[in-house]
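Heads up: the structure comes next, in structure tokens.
Below, chains carry the letters A, B, ... as their sequence lines are ordered, and counting in each starts from 1. Treat the numbers as computed from the prediction; the structure is a model and nothing was measured.
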Amino acid sequence: MPELPEVEVLVRHLAPALANRKIEGIEIKRSRIIAPTSVVEFSRRLRGAAFTQLARRGKYLLFEMKQPDGKTFPLVGHLGMTGRMYVSPRNAPLPKHAAAVFNLGAENFVFEDTRYFGRLTLDTSAIDALGPEPLGDGFTIEYFSQALQRSTQPIKVKLLDQQLVAGIGNIYASEALFRAGISPRLAARRLKLPQIERLWQALRETLSSAIKRGSTIRVDYSGAVLRDGLFYFGTAAEVEKFYEKRLQVYDRAGKPCVRCGSAVKRIVQGARSTFYCPKCQCG
DNA sequence: CACCATGTTCCTTG
DNA sequence: CCAAGGAACATGGT
């Protein structure tokens, strides 16, 4: 379920549910998701520890753990393509693709991941390589402009570079370029300053409005309820209402552009789909 | 059967 | 050495 907004919404949901909960036991069902940490080391460090703080960095979740002696250490999570994390009653059945289960006493903290691309590990090295937070103070127009000048890659591909800016994924890269009216094929270094400013603004608006929307829907990550096809859960009516106006171009190939009515196109860049309106995004 | 999928890493090629 | 492109990872949906 991953891109910055969905991770942010998840973090806000999980933080109060996990705060001060102690880990009584751990079950690792797929060791690849804790790599490069070993199962033995993972269990040794975490059994008896408690969750304290929870934060987000790019698409990563940063759990602060506290040992009985008061020392703290970080636990790093990533949802990959299909990961979900939630707290559910201990007697609830575990999902088919449960990757890790933490016994919190009356409840379990479950990390479920169909494709097992996600991570829940003690290795924090991935965090160090991340660029600035797009919604934070470090992501200035000056920084963005300088960084883009050094790249010949198409702007859509460059936006997925987590060292440029952290948290943009395949969906919101297309969405932000649509909002800014910029062609995804334009080489990064070819963007003019007005375009860079528009894109900078579009990125921040796209992400923050997605966070806002995600925060308004009733989210039940644990329930065996409907999902919206990607990230969220709720009743049929809730999901339909939520889904309706969520994305403006992504996955809309052949459908009319919401702004001008011409057909949305799908192209492949860097082996991944890009969606755009050839008429609104000709710059 | 074919192709597609929210992400990251590793390998090859130029 | 660097950038770019692609495959791999693993499972499911259409």
Can you tell me, in whole Å, how much space there is between the C1' of dC1(B) and that of dC9(C)? 22 Å

According to a 4.5 Å side-chain heavy-atom criterion applied to Ile, Leu, Val, Met, Phe, Trp and Tyr, with indirect links allowed, do Ile23(A) and Val76(A) form part of one hydrophobic cluster? no

Between Tyr60(A) and Gln162(A), a side-chain donor and acceptor under 3.5 Å: no

Check DNA chain B for consecutive Watson-Crick or G-U pairs with both distances under 3.5 Å and list the runs of at least three as stems. B:2-5 with C:11-14, B:7-14 with C:2-9

Rounded to the nearest Å, what distance is computed from the CG atom of residue Leu159(A) to the C1' atom of nucleotide dT8(B)? 17 Å

For dG7(B) and Arg272(A) - does any side-chain N or O of the residue sit under 4.0 Å from the phosphate oxygens OP1/OP2? yes

Determine the Euclidean distance between corresponding P atoms of dA4(C) and dA5(B); express it in Å to zero decimal places. 22 Å

Any His78(A) side-chain N or O less than 4.0 Å from OP1/OP2 of dG7(B): no

Does OP1 or OP2 of dA3(C) have a side-chain N or O of Gln153(A) closer than 4.0 Å? no

Would you check if the side chain of Gln269(A) reaches a backbone N or O of Pro184(A) as a donor-acceptor pair within less than 3.5 Å? yes

How would you label the contact of Tyr116(A) with the nucleic acid (heavy atoms, under 4.0 Å): base, sugar-phosphate, or nothing? sugar-phosphate

Arg30(A) CZ to dA10(C) P, straight-line distance once rounded to whole Å: 7 Å

Evaluate ring-ring contact (aromatic ring centres under 6.0 Å, His included) for Tyr276(A) paired with Phe178(A), printing each intermediate quantity in order. CA-CA 6 Å; Tyr276(A) 74 109; Phe178(A) 175 77; 10.0 Å; no

Leu79(A) CG to dG7(B) P, in whole Å, measures 11 Å

Report yes or no: is there a donor-acceptor pair, N or O only, under 3.5 Å between the side chain of Arg115(A) and the base of dA5(B)? yes

Does the side chain of His97(A) get closer than 4.0 angstrom to OP1 or OP2 of dG12(C) through an N or O atom? yes

Between dG7(B) atom P and Gln162(A) atom CD, what is the distance in whole Å? 8 Å

Does the structure place the NZ or CZ of Arg21(A) under 6.0 Å from the centre of the six-membered ring of Phe109(A), at an angle of no more than 45° from the ring's axis? no

Main-chain N/O of Gln248(A) paired with Arg252(A) side-chain donor or acceptor, under 3.5 Å: yes

